Amino acid sequence: MTRVAVIDADKCKPKHCNSLCHRFCPIVRSRIEAIRFEADKAIIVESLCSGCGICVKKCPFNAISIVNLPDELEKDCSHRFGPNTFKLFRLPTPSPSTVLGLLGQNGIGKTTTLKMLSGEIQPNLGDYENPPEWDQIIQHYRGSMLQDYFQKISEEKLKVSHKPQYVDKIPKAVSGEVGELLEKVNERDKLNEIANRLELRQFWDRPLDVLSGGELQRVAVAAAICREADVYLFDEPSSYLDVKQRLEVAKTIRSLKDAQKTIVIAEHDLAIIDYLSDQICLFYGEPGVYGVVSNVHGVRTGINIYLQGYIPDENVRFRKEAVVFHEKPHTKSSDAGETLLAWEQIEKTYKGFKLVAHAGEIKRGKVVGILGANGIGKTTFVKILAGIEETDNRRKFDELKVSYKPQYISAEYEGTVRGLLMSVAKEGFSSSWYRTEIIQPLKMEPLMDRNVTELSGGELQKVAIAACLSRQAEIFLLDEPSAYLDVEERLSMAKVIRRVVESRNVTAFVVEHDVVAQDFIADYLMVFAGKPGEAGVANPPTTLRKGMNMFLKEMGVTFRRDPVTRRPRVNKEGSKLDKFQKQIGEYYYVRTLRK
Ligand code: ADP
Ligand code: ADP
Ligand code: SF4
Ligand code: SF4
């Protein structure tokens, strides 16, 4: 067994813990010490550590993780940042004219991998003290596609274009207007076509720092595609985008294949990574501790393996339970359950925008998914039901208690996650129901003593969801709860919302652009149509199948269900099934094809 010990430097505070790890470590004798201190931080010497795990239990701040891995993995280490940091094993092998999708949890090494493929990080094969030279790295990867890849990177013969993960950071590094900036990188003479496809013209003359997240994302994707390069890397290209924009971005990225480019993407929206990729590499391990890159699989098998949690060719089970999708009954009796809230036609006018929501109603114990473009009035509708905004005729919804999680969450709370949740859930916080239905499935325990202001995007999202569901309310409104979450977190978020709604016999509205997550979460769907930024029409809640059908028809895409996992899959445009489903008007899978 080989040992990987990781210490979270932010959590390790020897002055506040009586150095408990050191005091209780059995391998601390006069001269041999498995734990020592440097620059006021604990350091575990892996070659001396027995892997007993005592320090992990003794550390009051949960700073230490120790894992024991098979010895044969050690020779496959591709990178480590420094002592007791995250360790990555193996690398994916990209190839020309292929879109390779990287799929895995947050903190498992996908961004690190993309940075290595871009040349931003030189792989050190785990030796951070004496990092190898390029010739040693190339030698290490001999016999694989990576030998040639790193040979060219080292000689600067491979041009790489990279769309980074955090697009909201771009305006801090680059300034100028959208059009002018894109003209500068128009090396392939494709800007006109891409600007039209991604609808960039509406904000062509605006400076980057006034753009919304979705606008910045499209500019960043466009900039990456416009550059002339051999390799194109995209880190989470669907964040902040609505379904139509996600599909458009996916199609635009795929068009690079025609130019024989090598394309690699990391993405958490299962429908989008499925649609985009030809091949899939899975990342498994323990987030923040170590990550292993799997062999390459075909896209369908790769995603199914991921959901099943078991890689047959490597005989590795990386998750205890498989993720299972269920086809819901397509015509649930619409009068089942007690009506919780009914509304007459709602109108709301802002300068330049009008929303009309047709009369509708919602039932107790059901989740209503909301689908529609960005800027079509979804948040406005949600705010009206939440009593935050009035309708044009001054109706204010205040008869039901509402708990609302907005789209953009800010970390203003001064204190720990525990303090925040206790203040919201009150006496409910200590109940076993709260622990088993909210804390455990959202994996909140490790976050409890962290300061809310120091959380990452995904961590903050989980806290905001938990806080929203902690309130005693009859209507929960969650706006884009999947933003920043990985696939597993999206599905557990969906389960948590469903269970809270069912067990308390209340209801939830969930605005969500991830179709697979929406399929998992919603009993009914509200589809918003119209012209973004000008006029929105909210259709009444209808069954998931009817709603999806209505929505997908407008998008011009059809879905089928995977026969093994029952997950929804986008049909390739113009395929036999796509044409057939469009012809019979069944955009959201054909029931008769069910096995
Ligand atoms: P993913 O993209 O899969 O979410 P990342 O590649 O961003 O994962 O990160 C994997 C792990 O590596 C995380 O635990 C992260 O904190 C750690 N990490 C990333 N960059 C550094 C660095 N420069 N020094 C130390 N640890 C790092
Ligand atoms: P969505 O949630 O579907 O993205 P929103 O409901 O946030 O859409 O916004 C719909 C439209 O209404 C947008 O054009 C937005 O700029 C406009 N809008 C939203 N809130 C206000 C407001 N308080 N004042 C003026 N315009 C607004
Ligand atoms: Fe203290 Fe934990 Fe750091 Fe050890 S790892 S010094 S127990 S905070
Ligand atoms: Fe010491 Fe055991 Fe911790 Fe290793 S795992 S550092 S041997 S206490």
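What you are looking at is a predicted structure, and each value in this text was computed from that prediction instead of being measured. Ligands are counted one by one from 1 in listed order, and the atoms in each one are counted from 1 as well. Numbers here simply count residues along the sequence, with the first being 1.
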- request: Report the C-alpha separation of K531 and E199 in whole Å, then their side-chain angles, then the decisive distance to 0.1 Å, and conclude whether the salt bridge (charged side-chain N to carboxylate O under 4.0 Å, His left out) test is met.
  value: CA-CA 13 Å; K531 194 154 193 285; E199 297 182 334; over 6 Å; no

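Residues D486 and H268 bring no donor and acceptor atom of their side chains to less than 3.5 Å of each other. Inspection of the E389 and T380 side chains reveals no N or O donor paired with an N or O acceptor under 3.5 Å. Inspection of the T453 and N451 side chains reveals no N or O donor paired with an N or O acceptor under 3.5 Å.
Looking from atom 3 (Fe) of ligand 3 to the surrounding protein, the closest heavy atom is C12 SG, 2.5 Å. The nearest protein atom to atom 4 (Fe) of ligand 4, hydrogens excluded, is given as C49 SG, 2.3 Å; this is a heavy-atom distance. Of all protein heavy atoms, the one closest to atom 8 (S) of ligand 3 is K13 N, 3.3 Å. When hydrogens are left out, the protein atom nearest atom 1 (Fe) of ligand 4 is C25 SG, 2.3 Å; that is the closest non-hydrogen contact.
The residue among I64, V56, I44 with a heavy atom at the shortest distance from atom 5 (S) of ligand 3 is I64.
Other residues, nucleotides and ligands contribute only 12 or fewer heavy atoms inside 6.0 Å of the NZ atom of K58.
Close approach of ligand 2 to G377 (heavy-atom distance below 4.0 Å) involves ligand atoms 1 (P), 3 (O), 5 (P), 6 (O), 8 (O), 10 (C). Within the listing of ligand 2, atoms 14 (O) sit less than 4.0 angstrom from a heavy atom of G533.
For C59, the nearest N, O or S atom to atom 2 (Fe) of ligand 3 falls under 2.8 Å. Among the atoms of C52, an N, O or S atom falls under 2.8 Å from atom 2 (Fe) of ligand 4.
For F381 and F528, the ring centers are positioned less than 6.0 Å apart.
Proximity of C21 to ligand 3, defined as any heavy-atom pair under 4.0 Å, is shared by backbone and side chain alike. Here A373 has backbone heavy atoms under 4.0 Å from ligand 2, and that is the only part of it that gets that close.
Of the possible donor and acceptor atoms, one in the side chain of N374 sits under 3.5 Å from a partner among the backbone N and O of Y240.
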